[in-house]
Amino acid sequence: MPELPDVELCKEYFETTARDKRIQHVEVRDARVIKGISVPKLRQRLEKKRITSACRHGKHLLAHIEKDGFLVLHFGMTGFLQLVEKGEEQPRHTRVLFRFPAGGSLAYSCMRLLGKVSWTEDLHAYRAKERLGPDALGMDHAAFAEMLRESRGAVKPTLMDQSRIAGLGNIYTDEILFQSGVHPGVSSKKLSGNHIRKMHRALKRICTVAIRHKANPHDLPRGYLLPHRRKGAQCPRCGGNVKSASVGGRTAYFCSQCQKKL
DNA sequence: GATAGTGTTAGGGA
DNA sequence: ATCCCTAACACTAT
Ligand SMILES: [Zn+2]
């Protein structure tokens, strides 16, 4: 559930299920996901308060709470939100339950506990404290090109560096590099202007299309790597073998035929 | 039973 | 300091 397109969909889900509602009660079922604030303080900030809007920055969902500040939700690798109506069963790994006066509640589920629930009074300060770079979808070509020129090391870890560009992770950087014809291990410094342009366009296109298709890999247009993102699968563009390699400590999947090392 | 996995960060070595 | 790599976190699916 966790890269930019997924979090954007979470934001939309949050808006349709929680906006303008008042939080009656916050049930913290596993305090390990609460970060940067005590459980009583967080409850104090949220209970009886109205949710007025939501926004996303990178992989972070920020829900504006009437007057006070922002509830921050991060989903790690396995987090998601689900509206639970009265009497319905809640997700197995629900860590926090936000109850509304009408009886329904919004469950924050996070199996691996890699996500977090937090609080901030100031979006700017939060961004700085978390060292979050500009959001990937809001970055124009000039900023994107400059970011790559300033970076060292392989391009894939650079794209996943949340302090340089916020929102991309292991999966979508593979798709971006695949559609741009760039090998994940290439040094950012060696990218031509043409490559950078391709990557910038691919990033915008891929995130937008993924959001439109509910971030479901099997609903993506033909030619996308994601549905074939496993070792030994066939490249959807050339029919070659999809390969994997460890780049920056994560497993990258790519087609060595379509993606050149330059 | 062993292993990998959509993320992030602390700790260690160069 | 600063960059880069690895391990660790917790839990499930294969
Ligand atoms: Zn190919």
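Residue numbering restarts at 1 for every chain, and letters A, B, ... go by the order of the sequence lines. Basis for what follows: all heavy atoms, side chains included, without hydrogens, waters or symmetry-related copies.
- Along DNA chain B, the nucleotide nearest A:Pro2 and the nucleotide nearest A:Glu130 are compared for position; the residue whose nucleotide lies closer to the 5' end is A:Pro2.
- Only one option out of A:Phe75, A:Tyr172, A:Phe80 pairs with A:Asp6 in a side chain to side chain contact (heavy atoms under 4.5 Å, CB included); it is A:Tyr172.
- Applying the 4.0 Å criterion to OP1 and OP2 of C:dT14, one finds that A:Arg230 has every side-chain N and O outside that range.
- Of the candidates A:Glu27, A:Gln24, A:Glu47, A:Glu27 is the only one forming a side-chain hydrogen bond (donor to acceptor under 3.5 Å, both in side chains) with A:Arg99.
- Distances shorter than 4.0 Å separate some side-chain N or O of A:Lys59 from OP1 or OP2 on B:dT8.
- Between C:dC4 and B:dT6, the two C1' atoms lie 23 Å apart (nearest whole Å).
- Panel note: side chain A:Thr78, backbone A:Arg112; a donor-acceptor pair is recorded below 3.5 Å.
- A donor-acceptor pair is defined here as one N or O able to donate and one able to accept, closer than 3.5 Å; such a pair exists between the side chain of A:Arg56 and the backbone of A:Gly58.
- Taking 4.0 Å as the cut-off between side-chain N and carboxylate O, A:Arg229 and A:Asp174 count as a salt-bridged pair.
- Across all strands shown, B:dG13 is found opposite C:dC3 as a Watson-Crick or G-U wobble partner, with both distances under 3.5 Å.
- Along DNA chain B, the nucleotide nearest to A:Thr251 and the one nearest to A:Arg131 differ in position, and the one closer to the 5' end is contacted by A:Thr251.
- The existence of a salt bridge linking A:Lys11 and A:Glu8 is confirmed by a sub-4.0 Å separation between a basic side-chain nitrogen and an acidic carboxylate oxygen.
- For the pair A:Lys129 NZ and B:dT8 P, the computed distance is 15 Å after rounding to whole Å.
- Atom P of nucleotide B:dT8 and atom CZ of A:Phe75 are separated by 12 Å, given to the nearest angstrom.
- Computed from coordinates, the A:Asp161 CG to C:dC5 P distance equals 12 Å when rounded to whole Å.
- Using modelled atom types, one side-chain atom of A:Gln259 and one backbone atom of A:Cys255 make a donor-acceptor pair closer than 3.5 Å.
- Heavy-atom nearest nucleotides on DNA chain C were determined for A:Arg152 and for A:Gly249, and the one closer to the 5' end corresponds to A:Arg152.
- Non-hydrogen atoms lying under 4.0 Å from DNA chain B are contributed by A:Arg112, A:Leu114, all within residues 105-116 of chain A.
- Look at A:Gln162 and you'll find a side-chain N or O under 4.0 angstrom from OP1 or OP2 of B:dT8.
- A straight line from CZ of A:Arg164 to C1' of C:dC3 spans 11 Å, rounded to a whole angstrom.
- Dashed line: the shortest gap from a side-chain N or O of A:His74 to OP1 or OP2 of B:dG7 is not under 4.0 Å.
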### Task
Starting from the C-alpha separation in whole Å, work towards a yes-or-no answer on salt bridge (Lys or Arg N to Asp or Glu O under 4.0 Å) for A:Lys214 and A:Asp219.
CA-CA 8 Å; A:Lys214 305 296 178 198; A:Asp219 285 345; over 6 Å; no
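- In this entry the distance linking CG of A:Leu61 with P of B:dT6 reads 22 Å, nearest Å.
- Whole-Å rounding puts the A:Arg250 CZ to B:dA4 P distance at 13 Å.
- Distances from the side chain of A:Arg32 to the nucleotides C:dA10, B:dT8, B:dT6 place C:dA10 closest.
- Nucleotide C:dC9 has B:dG7 as its partner under the Watson-Crick or G-U criteria, with both atom distances under 3.5 Å.
- The stretch residues 76-84 of chain A touches DNA chain B through A:Gly76, A:Met77, each having a heavy atom under 4.0 angstrom from the strand.
- Within the structure, a side-chain polar atom (N or O) of A:His93 is placed less than 4.0 Å from OP1 or OP2 of C:dT12.
- The pair A:Arg45-A:Glu121 meets the salt-bridge criterion, with a side-chain N (NZ, NE, NH1 or NH2) lying under 4.0 Å from an Asp/Glu carboxylate O.
- Counting to the nearest Å, the P atom of B:dG7 and the NZ atom of A:Lys35 are 17 Å from each other.
- The side chain of A:Tyr253 places an N or O atom within less than 4.0 Å of a non-bridging phosphate oxygen (OP1 or OP2) of B:dG5.
- Between A:Tyr126 and A:His60, a ring centre-to-centre spacing shorter than 6.0 Å is recorded.
- One P atom belongs to C:dA7, the other to B:dT3, and the distance between them is 13 Å to the nearest Å.
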